[in-house]
Amino acid sequence: MKKPKAKIGGGLPVIAYWMEKSVRPEGIALWKTLFHKSACLSCAWGTGGQKGGFVNEDGEILQRCAKSVEAIASELQEAIPPEVFNNQTISQLQQLNSQQANNLGRLSHPLIKRANSEHYEPISWDQVYEIIALAFKAPAEKIASYSSGRSSNEAAFILQLMMRALGSNNLADCSDLCHVASTVGLRQVFGTATSMVSLENLKEADCVVLIGSNAPANHPRLMNELINIRSKGGKVVVVNPTREIGLVKFGSPASAIKSLIPGSTIADHYLQLHPGSDVALFVGIQKAMLEENLVDFAYLKAHCDNWEAVVEQAKSTCWQEIVKLSGVLQKEIVEAAKTIGNCKKVVFAWAMGVTQQVNGVENIISIANTALLGGNAGKLGAGLMPIRGHSNVQGFGSMGVTVNLKAQIQQAIEQLLGKPLSQTKGYDTSALIQAASVGKVDSLICLGGNLYSANPNSGFVKNALAQIETIIYISTKPNQGHFHGLAKQNTLILPVFARFENPHSTTVESGNNFVRLNSPGTSHLKNSLVISEVELLSQVAQIIHGNEPIQWAKLSDVQYIRELIAQTIPGYKPIASIEQTKAEFTIAGRIFTHPQFPTSNGRAQMSLTPLPKLELPEIEQFGLPKGARGIVLSLGTGRSYSQHNTIVYKQGDLYRGMPHRNCIMMNSLDAQKIGVAEHQNVTVQGDAGALKQVEVIYGDIKSGAAMMFYPEVNAIFSAQIDPRSGTPAFKRVPVAVWTS
């Protein structure tokens, strides 16, 4: 019997999950960790730091979410028994899915998989450092790193400094796969690359436009802010091809009486657009604002350049074209535009539904143009707010872990190192995979993350990584990448402490530019050889560079690192004394409450955004078997409710009614065109392979679109790349869905 789909997002299932985890033997350790003074391990909207584990930067309590519990419970697993790797071959380990790999437990000893070996085996730290020393003797252009936002600012700073001192700019990062379009677009328009809105600022908004985000699943804390804004008479406009139940109604445990069981209404307008048509929709909103006399021309004249061209584009683009491309009725667009235009303080927020498109940068610029037409940038309660994923992914960018290093940081690093940095363009993540595939990468160090699973075309990625001589994975737990992303000669897995276990303090940066201090902690792992990331990276840096031009060994002292960060990273001066003062801070120069922007002339730089071309291949191009009944759809990849990036905690998704990972959410009209009923099986075929026996789930998703779970579906397609950001278009993948 199929379980009924949830009626609201959040709600009692969240409470049930907390209770389930609390009554287990590790429940005491879980609650102790939840109260630990360190930032949440999950998303960049998380809580924690010196105000306490349940408190956000504005001092509000009860701000932990179920995703935080999932992440902590995962790190509190016991050490992996030695027999797991002794008894299981690589081939056997490759049969594990993401959840099974994660549930093996915590890594507690360094491991190596040598060439021609079928097993991971233990290795001493001395042997680890010998192998690393040899690996880093490769030419600088053939040495690369990849990182995720799981780690600290201090570890990120060491990583980029060590790499750049070598002469390598190959600092690929998980942000390359998600929010670089935000960085590029915001920098072009405003001269800044992060959120212009703080949490305090957001609370002053009277309207939030939420675009391409499933916040109830991925950023649950944000839902509390939307509920509070609506309770004060504010409005929420949602833009998403899928009608996510949590964006219609959400039950927040933080407001048990008013919200938890009945649920709070979220969306005033829900615009279900065709995937990838954001530019067309926002040009439509701009057109409606012009026709309804809701454009702030005085603001445009005083604070914006090139606004005339943007206004002319909106005027001259016909409604017929806008409606056809976006799939949203003119009436719906006009009503949403009236709401946006009549509100005085509007925040535009978005996630990867916007950025993971072949025209991701244009999407961001079109959103910025819309905000500027209403005067909604550079004032309290208004602005642009990308919603970051990993808990410290933005901090990594701030620390210089990027292939697009800001000139100011480059100059500071050159002064610190006493030499010019290499001018060779570094590999972002997609370029790194391509370079590896043709033998241009000899050594790769991965600080967290899951490079294999995070990229499209899993088979190609696996073969590309197999061309690298040495791969070094720095992790707390195993993931599928450790078993599929194997090097030609030596693959190392090096165990490190989780954030709340480090013997020293660290810092992280939220998606809203707030820097938190993580207090030292202790680990439950006994008789282990686990060390901190800072200790590991400082030791590697000292082995590679010796004692010149800085005291690399001294980088094991987090206070010394923070002094270097304060000298190097704009807005980070307070970090030098954060250990002593415990004064967490918002980074200077990033939150804008006045329309004066860090562009060359202080004005916002608007620009035209070409309407997208959204043609899909014909069904014949997929070469289906004779007699097959098929339809071509635009597939978007997504995470399930109980998932963090590539880590899967549960197989199904209660809120979407998807009972396992091998499901496809389709509009019932599309399924019926090929004679498929709900819960029947189909084959889903991309340009790199096919998944069979995929269960069809009817969902409230735009006709012509479909959704499947990442990372499993990555195996069947190679995505188009946004030429301006380098980000793969995970949210618009042409696939054939067919049945015999």
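These figures come from a predicted structure and were not determined experimentally.
- Looking at Ser453, its side chain never comes within 3.5 Å of a backbone N or O of Asn450 through a donor-acceptor pair.
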Between Thr194 and Asn513, does the side chain to side chain donor-acceptor pair (under 3.5 Å) criterion hold? Intermediate values first, please. CA-CA 8 Å; Thr194 63; Asn513 306 297; 2.9 Å; yes
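- Side-chain contact annotation: Ser505 with Asn518, donor-acceptor N/O pair under 3.5 Å absent.
- With Glu57 as the fixed residue, the salt bridge (Lys or Arg N to Asp or Glu O under 4.0 Å) test singles out one of Lys51, Arg516, Lys203: Arg516.
- Between Glu75 and Arg499, none of the side-chain N atoms (NZ, or NE/NH1/NH2) sits under 4.0 Å from a carboxylate O, so this pair counts as no salt bridge.
- Between Gln415 atom CD and Gln410 atom CD the span is 13.0 Å, to the nearest 0.5 Å.
- For the pair Thr429 (side chain) and Leu177 (backbone), a donor-acceptor distance under 3.5 Å is absent.
- For the pair Tyr649/Ser640, no side-chain contact is recorded, criterion being any heavy-atom separation below 4.5 Å from C-beta on.
- Two residues are said to be in side-chain contact when any heavy atoms from C-beta on lie closer than 4.5 Å; Phe500 and Ser519 fail this criterion.
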Audit row: Ser430, Asp176, side-chain contact (heavy atoms from CB on, under 4.5 Å) steps and yes/no: CA-CA 8 Å; Ser430 295; Asp176 300 332; over 6 Å; no
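- No side-chain heavy atom of Thr402 sits under 4.5 Å from any side-chain heavy atom of Leu171.
- Counting heavy-atom neighbours within 6.0 Å of Lys21 NZ, excluding the residue itself, gives a total above 12.
- Using a 4.0 Å cut-off between charged nitrogen and carboxylate oxygen, Arg724 and Glu362 count as a salt-bridge pair.
- Judged by the 6.0 Å and 45° rule, Arg639 forms a cation-pi pair with Tyr710.
- Using a distance-only test at 3.5 Å, with no hydrogens or angles considered, no donor-acceptor pair links the side chain of Gln63 to the main chain of Gly48.
- Between Ile143 and Ile544 there is no side-chain heavy-atom pair separated by less than 4.5 Å.
- Among Asn56, Val55, Ile72, Val69, the one residue that satisfies the side-chain contact (heavy atoms from CB on, under 4.5 Å) test with Arg64 is Ile72.
- Looking at every heavy atom in both residues, Thr568 comes nearest to Ile413 through CG2-CG1, 3.7 Å.
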Check the pair Glu533 / Ile474 against side-chain contact (heavy atoms from CB on, under 4.5 Å), numbers first and verdict last. CA-CA 8 Å; Glu533 290 159 322; Ile474 301 173; 4.2 Å; yes
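- Counting only heavy atoms from C-beta outward, the side chains of Val515 and Glu584 never approach each other to under 4.5 Å.
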Under the side chain to side chain donor-acceptor pair (under 3.5 Å) criterion, do Thr507 and Glu154 qualify, and how do the steps go? CA-CA 7 Å; Thr507 61; Glu154 291 76 10; 2.9 Å; yes
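- Panel note: side chain His524, backbone Gln77; a donor-acceptor pair is recorded below 3.5 Å.
- The side-chain heavy atoms of Ile550 and Tyr560, taken from C-beta on, include a pair separated by under 4.5 Å.
- Looking only at side-chain heavy atoms (C-beta outward), Asn153 and Tyr572 come within less than 4.5 Å of each other.
- Under a 4.0 Å N-O distance rule, the pair Glu414/Arg164 does not qualify as a salt bridge.
- Here the straight-line distance linking atom CZ of Arg150 with atom CD1 of Ile647 works out to 8.5 Å at 0.5 Å rounding.
- A 4.5 Å side-chain heavy-atom check between Pro520 and His504 finds every atom pair outside the cut-off.
- The line from CD1 of Ile493 to OG1 of Thr476 is 11.5 Å long, rounded to the nearest 0.5 Å.
- Residues Phe54 and Phe35 place their aromatic rings such that the two centres sit under 6.0 Å apart.
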Run the numbers on Tyr146 and Asp173 for side-chain contact (heavy atoms from CB on, under 4.5 Å), then give the verdict. CA-CA 5 Å; Tyr146 174 76; Asp173 185 71; 5.7 Å; no
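- The pair Glu509-Arg590 meets the salt-bridge criterion, with a side-chain N (NZ, NE, NH1 or NH2) lying under 4.0 Å from an Asp/Glu carboxylate O.
- Within the 3.5 Å criterion, the main-chain N or O of Glu70 finds no donor-acceptor partner in the side chain of Ser74.
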